[in-house]
Amino acid sequence: MKKALILLAVFFFLLAPLRSEDYYNTAEIVSIEKTPGIIAKIRNMGLDLLMEWEGRIYILAGFEDIVKLQIENIPYKLEGSDLSSSNTQDAAAQSSINGEYHSYYEIEQELTAMELSYPYLAKVFDIGDSLENRNIYALKISDNVQIDEDEAEVIFLGCHHAREWISVEVPFLLGKYLVENYETSAEVKNLVDRSEIWIIPLVNPDGLEYSIHFYRYWRKNRRLNEDGTYGVDPNRNYGYKWGLDNNGSSPDTSSEVYRGPAPFSEPETQVIRNLFAQKEFKALISYHSFSKVIMYPWGYTNQPSEKEALLNTMAGEMASLIQSVNGSIYEYGPAGSSLYLTNGDTTDWAFGVYGIPSFTIELPPVDHMQGGFFNAENDIYPIFSENLPAMLYLIGWSIKQKNQDDTKLNKKYERPESKKLNVKY
């Protein structure tokens with residue numbers, strides 16, 4: 001009888017589907033227990049997973065999602081509602097609408113100021129425009145920064161997903177740390193002198209602005225789709241295994257993991273593709289905010305890659321370095337073995353096309369002190385500080401890898417020594 005009533009509700013729901021704005025006005029945050037059985041059930045349900053914390057998975061759920069959970073007999077707990085306001089962050093966690101977290105215009109000003117203050121170390125590039133014509137900035141840090149030197153190149157990305165504000169701060173603060181400590185830290189100077197470090201703290205500026213000013217839980221970019229819905233998930237729009245199936249991404253424009261009409265259809269992902277075509281990056285980290293975890297390819301399958309041993313070793317080293325700072329434990333492993341599969345994401349693309357070690361680092365998503373769903377202002381620097389050694393490690397690893405690659409290349413093209421002839425006269 002219960003299932004019949006649920007199916008009847010679904011029938012009427014499908015006859016009068018919610019518009020995207022109605023979905024958000026009626027959405028609830030619900031949590032479910034994280035168990036192997038429940039994970040197996042939700043993998044292909046297309047839910048908007050907000051975060052994972054202390055053994056529970058938090059979901060931004062509309063009516064249709066609640067029905068899905070009920071049909072699958074998955075117990076859930078209501079955690080919050082009334083998400084229609086422009087900003088749902090607890091007042092205790094923020095001093096203003098976005099507090100110490102950077103908006104697009106603030107990050108633009110900070111990057112410009114950094115370049116002016118450290119012209120010999122920092123250079124800002126406008127690498128392209130977003131859908132709403134905001135600049136997407138890349139910060140390059142190196143000695144002789146005006147010159148394209150034959151040095152190891154490594155890249156750090158932030159904010160593919162608009163609501164993950166902390167993912168802007170961590171890569172931005174890396175740039176700030178490097179220029180401010182170049183003259184006083186031998187370690188920093190050694191890394192900066194031998195590499196070219198590229199930082200794109202804000203891949204999705206339109207989405208971030210919408211998240212700040214209109215709807216805190218917004219995830220995608222601001223593409224106006226043909227059916228009147230908004231948004232493409234930039235982290236499902238990359239070209240490798242794009243649209244492989246409807247489990248790792250969605251063809252549904254209203255889905256939070258909508259992959260777009262074609263690979264690289266979005267200007268936000270095009271600029272990353274174009275930058276990679278001009279550079280020879282040795283490694284990548286893309287920052288997100290879902291749980292404390294370090295993930296690496298593959299994401300599109302639960303099968304290991306041919307470089308599983310290397311990627312696992314590197315992820316383990318970074319997790320150990322993070323733990324050494326504040327005791328935070330970051331789990332690590334292949335992305336495809338996590339809660340869900342992904343296709344068309346950043347790290348699979350960078351690894352699949354360029355063969356470089358590529359990592360998604362999911363930063364802590366919650367305000368430890370106030371119990372909110374997002375980080376408080378005073379969480380920013382501790383989260384950055386615990387991640388700093390891992391970032392420095394990846395820069396150092398890239399330098400070593402560049403040296404090894406150069407040595408192999410030199411040996412390949414080395415002229416063999418002439419053989420001496422033992423001739424008697």
Side-chain angles (χ1 to χ4, degrees), residues 31-36 38-40 42-43 47-59 156-161 163-171 219 233 235-236 248 256-257 283-305 307-343 345-348 350-351 357-368 373-375 379 382-391 393-394:
S31 70
I32 58 177
E33 190 177 2
K34 183 187 177 184
T35 66
I38 288 179
I39 289 172
I42 69 170
R43 261 181 174 265
L47 300 172
D48 183 7
L49 304 181
L50 186 61
M51 68 180 190
E52 174 193 331
W53 198 252
E54 295 183 347
R56 297 192 70 81
I57 301 163
Y58 292 78
I59 301 164
F156 299 88
L157 304 174
C159 201
H160 276 83
H161 293 145
R163 66 191 179 205
E164 298 171 5
W165 297 1
I166 188 66
S167 72
V168 177
E169 305 306 318
V170 169
R219 171 184 166 97
D233 182 346
N235 206 39
R236 300 296 186 275
E256 291 302 308
V257 291
L284 168 148
I285 292 178
S286 179
Y287 285 98
H288 290 261
S289 177
F290 178 77
S291 180
K292 296 191 293 186
V293 63
I294 302 172
M295 298 185 293
Y296 53 81
W298 296 116
Y300 78 91
T301 176
N302 57 13
Q303 297 301 307
S305 75
K307 294 184 179 179
E308 166 66 22
L310 171 64
L311 297 176
N312 188 269
T313 298
M314 294 178 69
E317 181 65 25
M318 288 190 286
S320 178
L321 289 167
I322 290 171
Q323 186 177 0
S324 70
V325 178
N326 295 322
S328 293
I329 297 175
Y330 283 54
E331 297 179 359
Y332 61 92
S337 298
S338 65
L339 291 179
Y340 50 87
L341 298 175
T342 61
N343 52 58
D345 81 334
T346 316
T347 51
D348 270 15
F351 182 73
S358 303
F359 301 92
T360 295
I361 295 188
E362 297 279 2
L363 303 165
V366 301
D367 171 7
H368 295 279
F373 289 108
F374 294 100
N375 309 102
D379 287 334
I383 291 174
F384 162 70
S385 296
E386 70 185 20
N387 276 272
L388 176 60
M391 293 187 276
Y393 162 81
L394 197 72

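Heads up: numbering here begins at 1 and tracks the sequence. Quantities reported herein were computed from a predicted structural model and do not represent experimental measurements.
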Colleague: Just jot down the salt bridge (charged side-chain N to carboxylate O under 4.0 Å, His left out) partners of Lys307, sequence neighbours excluded, or say none.
Modeller: none

Colleague: Might you point out which heavy atoms bring Ser167 and Cys159 nearest each other, and give the distance in Å?
Modeller: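 Minimum heavy-atom contact is OG-N, 3.0 Å.
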
Colleague: Under the side chain to side chain donor-acceptor pair (under 3.5 Å) test, which residues partner Ser305, sequence neighbours left out?
Modeller: none

Colleague: Glu362: which residues meet the side chain to side chain donor-acceptor pair (under 3.5 Å) condition with it, sequence neighbours left out?
Modeller: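 Not a single residue meets the side chain to side chain donor-acceptor pair (under 3.5 Å) criterion with Glu362.
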
Colleague: Kindly compute the distance separating CD1 (Ile57) from CD1 (Ile39), expressed to the nearest 0.5 Å.
Modeller: 5.0 Å

Colleague: List the atom of Pro334, the atom of Pro297, and the distance in Å for their closest heavy-atom pair.
Modeller: CB-O, 4.3 Å

Colleague: Mind checking whether Leu363 and Asn387 have side chains closer than 4.5 Å, heavy atoms only?
Modeller: yes

Colleague: List in chain and number order the residues that pass side-chain contact (heavy atoms from CB on, under 4.5 Å) with Glu386, two or more places apart in sequence or in another chain; answer none if no residue qualifies.
Modeller: Ile322, Val325, Asn326, Ser328, Tyr330, Pro364

Colleague: Can you see which heavy atom on Phe384 is nearest to which on Val170, and at what distance?
Modeller: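 Looks like CD1-O, 3.7 Å.
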
Colleague: Just checking, any donor-acceptor pair under 3.5 angstrom between side chains of Asn235 and Thr346?
Modeller: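 Yes, a side-chain donor-acceptor pair sits under 3.5 Å.
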
Colleague: Under the ring-ring contact (aromatic ring centres under 6.0 Å, His included) rule, collect the residues that match up with Tyr340, sequence neighbours excluded.
Modeller: none

Colleague: Side chain to side chain donor-acceptor pair (under 3.5 Å) with Arg43: which residues, sequence neighbours excluded?
Modeller: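 Side chain to side chain donor-acceptor pair (under 3.5 Å) list for Arg43, sorted by chain: empty.
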
Colleague: For the atom pair NE2 (His288) and CZ (Phe290), what is the distance rounded to the nearest 0.5 Å?
Modeller: 12.0 Å

Colleague: Among all residues two or more places apart in sequence or in another chain, which pass the side-chain contact (heavy atoms from CB on, under 4.5 Å) test with Ala315?
Modeller: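 Checked Ala315 against side-chain contact (heavy atoms from CB on, under 4.5 Å); matches are Ile294, Tyr296, Tyr332, Phe359.
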
Colleague: Glu331: what forms a side chain to side chain donor-acceptor pair (under 3.5 Å) with it, not counting sequence neighbours?
Modeller: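 Not a single residue meets the side chain to side chain donor-acceptor pair (under 3.5 Å) criterion with Glu331.
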
Colleague: Restricting to non-hydrogen atoms, name the atom on Arg219 and the atom on Glu256 that form the minimum distance, rounded to 0.1 Å.
Modeller: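 Looking at all heavy atoms of both residues, the closest pair is NE-O, 3.0 Å.
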
Colleague: Taking only residues two or more places apart in sequence or in another chain, which ones pass side-chain contact (heavy atoms from CB on, under 4.5 Å) with Gln323?
Modeller: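 side-chain contact (heavy atoms from CB on, under 4.5 Å) check on Gln323 returns Ile329.
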
Colleague: List in chain and number order the residues that pass side-chain contact (heavy atoms from CB on, under 4.5 Å) with Ser291, two or more places apart in sequence or in another chain; answer none if no residue qualifies.
Modeller: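 Partners of Ser291 by the side-chain contact (heavy atoms from CB on, under 4.5 Å) criterion, ordered by chain and then number, come out as Glu52.
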
Colleague: Rounded to the nearest 0.5 Å, how far does CD1 of Ile59 lie from CG of Leu49?
Modeller: 6.0 Å

Colleague: I need the Asp348 CG to Tyr300 OH distance, nearest 0.5 Å.
Modeller: 7.5 Å

Colleague: For the atom pair CG (Asp233) and CG (Asp48), what is the distance rounded to the nearest 0.5 Å?
Modeller: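 Going from CG on Asp233 over to CG on Asp48, the span is 9.5 Å.
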
Colleague: Name all residues meeting the ring-ring contact (aromatic ring centres under 6.0 Å, His included) criterion together with Phe156; count only those two or more places apart in sequence or in a different chain, and write none if there are none.
Modeller: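 With sequence neighbours excluded, Phe156 shows a ring-ring contact (aromatic ring centres under 6.0 Å, His included) to no residue whatsoever.
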
Colleague: Check the pair Arg236 / Asp345 against salt bridge (charged side-chain N to carboxylate O under 4.0 Å, His left out), numbers first and verdict last.
Modeller: CA-CA 5 Å; Arg236 300 296 186 275; Asp345 81 334; 5.9 Å; no

Colleague: With rounding to the nearest 0.5 Å, note down the distance linking CE in Met391 to CG in Leu321.
Modeller: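 Here the interatomic distance stands at 11.5 Å.
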
Colleague: So, for Gly336 and Leu341, which heavy atoms are closest and what is the spacing to 0.1 Å?
Modeller: O-CD2, 3.4 Å

